[in-house]
Engineer: 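First the structure, which I've put down as structure tokens, then a few questions once you've had a look.
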Protein chains: 2
Amino acid sequence: MLIRVDPASDVALFAQVAASVRTEMATGRLLPGNRLPAARDVAESLGVNLHTVLRAYQDLRDEGLVDLRRGRGAVVTDRAADLAGLHAEIRALGERAKGLGMSPDTLASLVRESVDG
Amino acid sequence: MLIRVDPASDVALFAQVAASVRTEMATGRLLPGNRLPAARDVAESLGVNLHTVLRAYQDLRDEGLVDLRRGRGAVVTDRAADLAGLHAEIRALGERAKGLGMSPDTLASLVRESVDG
DNA sequence: TCGGCTGTTATAGAAGAACTATAACAATCG
DNA sequence: CGATTGTTATAGTTCTTCTATAACAGCCGA
């Protein structure tokens, strides 16, 4: 479970945590049934507050990617497999964009509007 | 030039303006050499502040998508064609994600990490 | 050249989001 | 029971966003 965070990024900390987890799911390093590390552990290892990590976990729950229960932790749901199914396509797009020198923001913005538009 | 803005969105207003412009580029409705509407006009028609629109224009400039000069306005650069080149692929990915009931945030997050990762 | 249009810069304030800190609570599990 | 885990509550600080106003400086057409 690799969770990276860049305090200098313009992306909010909690969003970076959630993004890290999603990527772990998409790449198959985090499978349905697996449990995420305890929020308190992640918070300590990243040097951020407990609530920052919990906010990320709750976002993932709202997306249906994890089940949250006190005492039990955060468990990856079957829906996480959907992310893995898109991984190859996403990676191909990312490589093309990178080859054009396109910024992450630019591509992410286009993709976002492409989904809700 | 369609520039939409949703005050209730969690995406910042200036980011929504920039996203609208990028989408116009990607779909070919805004071509290299075209001039963007004056920031003051956009601000008035959207009911937002001049600076909010200018922040969007400056982000687009930082991405190399427009040239900004006082008195002349914001002119679309050749790099905007790169966006159009990715349009079909982005649209296909967006449709697949939409079919899975995936949120714009989820997909945009995965794509963002796929570029900088 | 003049006048209007354009982005640029400066300043300031209000509002909201993000992050932190602490603490108590409640479900789960060994 | 006791440790672990997410949940909720409260509060305060910091940062970003958005607004408002005003003056400035480059560009262009008449």
Engineer: To the nearest Å, give me how far apart CG (A:Asp59) and P (C:dC19) are.
Structural biologist: 11 Å
Engineer: Whole Å only: how far is the CD atom of B:Glu44 from the P atom of C:dT6?
Structural biologist: 11 Å
Engineer: Which atom pair, heavy atoms only, marks the closest approach of B:Gly94 to A:Val115?
Structural biologist: CA-CG2, 4.2 Å
Engineer: Over how many whole Å does the gap from A:Phe14 atom CZ to D:dT16 atom P extend?
Structural biologist: 14 Å
Engineer: Take the protein atom CG of B:Asn49 and the nucleotide atom C1' of C:dG13, then report the distance between them rounded to whole Å.
Structural biologist: 12 Å
Engineer: Atom OH of B:Tyr57 and atom C1' of C:dC5: how far apart are they, to the nearest Å?
Structural biologist: 14 Å
Engineer: Rounding to an integer number of Å, can you tell me how far B:Asp67 CG sits from D:dG26 P?
Structural biologist: 18 Å
Engineer: Measure CG/B:Asp41 against P/C:dG7 and give the value in whole Å, please.
Structural biologist: 8 Å
Engineer: Under the side-chain hydrogen bond (donor to acceptor under 3.5 Å, both in side chains) test against A:Ser109, which residue among B:Arg112, B:Glu63, B:Arg22 passes?
Structural biologist: B:Arg22
Engineer: Against A:Glu24, only a single residue in A:Leu31, A:Leu83, A:Leu2 fulfils side-chain contact (heavy atoms from CB on, under 4.5 Å); can you say which?
Structural biologist: A:Leu2
Engineer: Each nucleotide N or O in nucleotides 8-10 of chain C that has a protein N or O under 3.5 Å away: list the pair and distance.
Structural biologist:
residue, atom, partner, partner atom, Å
C:dT8, OP1, B:Arg61, NH1, 3.3
C:dT8, OP2, B:Gln58, NE2, 3.3
C:dA10, N6, B:His51, NE2, 2.8

Engineer: Starting at atom CG of A:Asp62, determine the distance to atom C1' of D:dT7, rounded to an integer number of angstrom.
Structural biologist: 14 Å
Engineer: Minimum heavy-atom separation for A:Pro37 to A:Val42, with atom names?
Structural biologist: CG-CG2, 3.6 Å
Engineer: Would one find a side-chain N or O of B:Arg72 under 4.0 angstrom from OP1 or OP2 of D:dC28?
Structural biologist: yes
Engineer: Same cluster or not: are B:Leu107 and B:Leu100 linked, directly or through other Ile, Leu, Val, Met, Phe, Trp or Tyr residues, by side-chain heavy atoms under 4.5 angstrom apart?
Structural biologist: yes
Engineer: Check whether any side-chain N or O of A:Thr27 sits under 3.5 Å from a backbone N or O of A:Thr23 as a donor-acceptor pair, and report yes or no.
Structural biologist: yes
Engineer: Looking only at atom types and distance, does a side-chain atom of A:Arg79 sit under 3.5 Å from a main-chain N or O of B:Met102, one as donor and one as acceptor?
Structural biologist: no
Engineer: Of the listed nucleotides (C:dG7, D:dT19, C:dT28), which one gets closest to any side-chain atom of B:Thr52?
Structural biologist: D:dT19
Engineer: Does A:Leu13 or A:Gly71 map to a spot on DNA chain C nearer the 5' end, using the closest nucleotide for each?
Structural biologist: A:Leu13
